[in-house]
Amino acid sequence: MSLNLVTDEEKVTKSVTKSVTKLNDTLNDIIDFCSTPRSMAEIMERLGLKHRYNVKHRYIDPLIEGGFLVMTIPEKPNSRDQKYKRALT
């Protein structure tokens with residue numbers, strides 16, 4: 001029975017590792033893509049995603065909080081003209 005537990009733990013570890021790797025790849029892609037200021041629609045199209053809320057909360061907000069992206073109009077975060085650009089050069 002303990003052999004099955006090790007196997008299950010290995011499966012979970014591989015699954016988590018794969019998910020984290022994919023997330024890191026996605027975040028790095030966004031950072032690279034935003035070397036030129038990009039709108040939310042452009043980022044969503046690049047990722048092939050359609051739900052603005054999810055893209056903003058899963059990807060954009062953490063990148064802003066981490067200092068990797070900045071808003072082009074920080075005083076108006078909900079502006080329709082808002083774009084995001086890479087903070088680090």
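Quick caveat: nothing in here was measured; it's all calculated off a predicted structure. Values below: all heavy atoms of this structure, side chains included; hydrogens, waters and symmetry mates excluded.
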Quiz item: side-chain contact (heavy atoms from CB on, under 4.5 Å) between Leu49 and Ile43: does it pass, once the steps are laid out?
Solution: CA-CA 9 Å; Leu49 300 173; Ile43 296 169; over 6 Å; no

Exercise. Of all the heavy-atom pairs spanning Gly67 and Ala87, show the shortest one and how long it is.
Key: O-CB, 3.2 Å

Quiz item: salt bridge (charged side-chain N to carboxylate O under 4.0 Å, His left out): which pairs involve residues 39-50, sequence neighbours left out?
Solution: Asp29-Arg46

Quiz item: Can you list the residues that meet the salt bridge (charged side-chain N to carboxylate O under 4.0 Å, His left out) rule with Arg52, with sequence neighbours excluded?
Solution: none

Self-check item: Interatomic spacing from CG in Leu63 to CG in Leu27 - rounded to 0.5 Å
Solution: 5.0 Å

Practice problem: List in chain and number order the residues that pass side-chain contact (heavy atoms from CB on, under 4.5 Å) with Thr36, two or more places apart in sequence or in another chain; answer none if no residue qualifies. | Solution: Arg38

Quiz item: Can you tell me how far OH of Tyr59 sits from CG of Leu23, rounded to the nearest 0.5 angstrom?
Solution: 6.5 Å

Self-check item: Gap between atom CE of Met44 and atom OG of Ser39 - 0.5 Å precision
Solution: 9.5 Å

Quiz prompt | Inter- and intrachain pairs under salt bridge (charged side-chain N to carboxylate O under 4.0 Å, His left out), touching residues 58-67, at least two apart | solution = Lys56-Asp61

With a 3.5 Å cut-off and sequence neighbours excluded, list the donor-acceptor pairs that the side chains of residues 68-77 form with protein atoms.
| from | atom 1 | to | atom 2 | distance (Å) |
| --- | --- | --- | --- | --- |
| Thr72 | OG1 | Gln82 | OE1 | 3.4 |
| Thr72 | OG1 | Lys83 | N | 3.1 |
| Thr72 | OG1 | Lys83 | O | 3.3 |

Quiz item: What residue pairs, at least two apart or across chains, pass ring-ring contact (aromatic ring centres under 6.0 Å, His included) with a residue in residues 30-51?
Solution: none

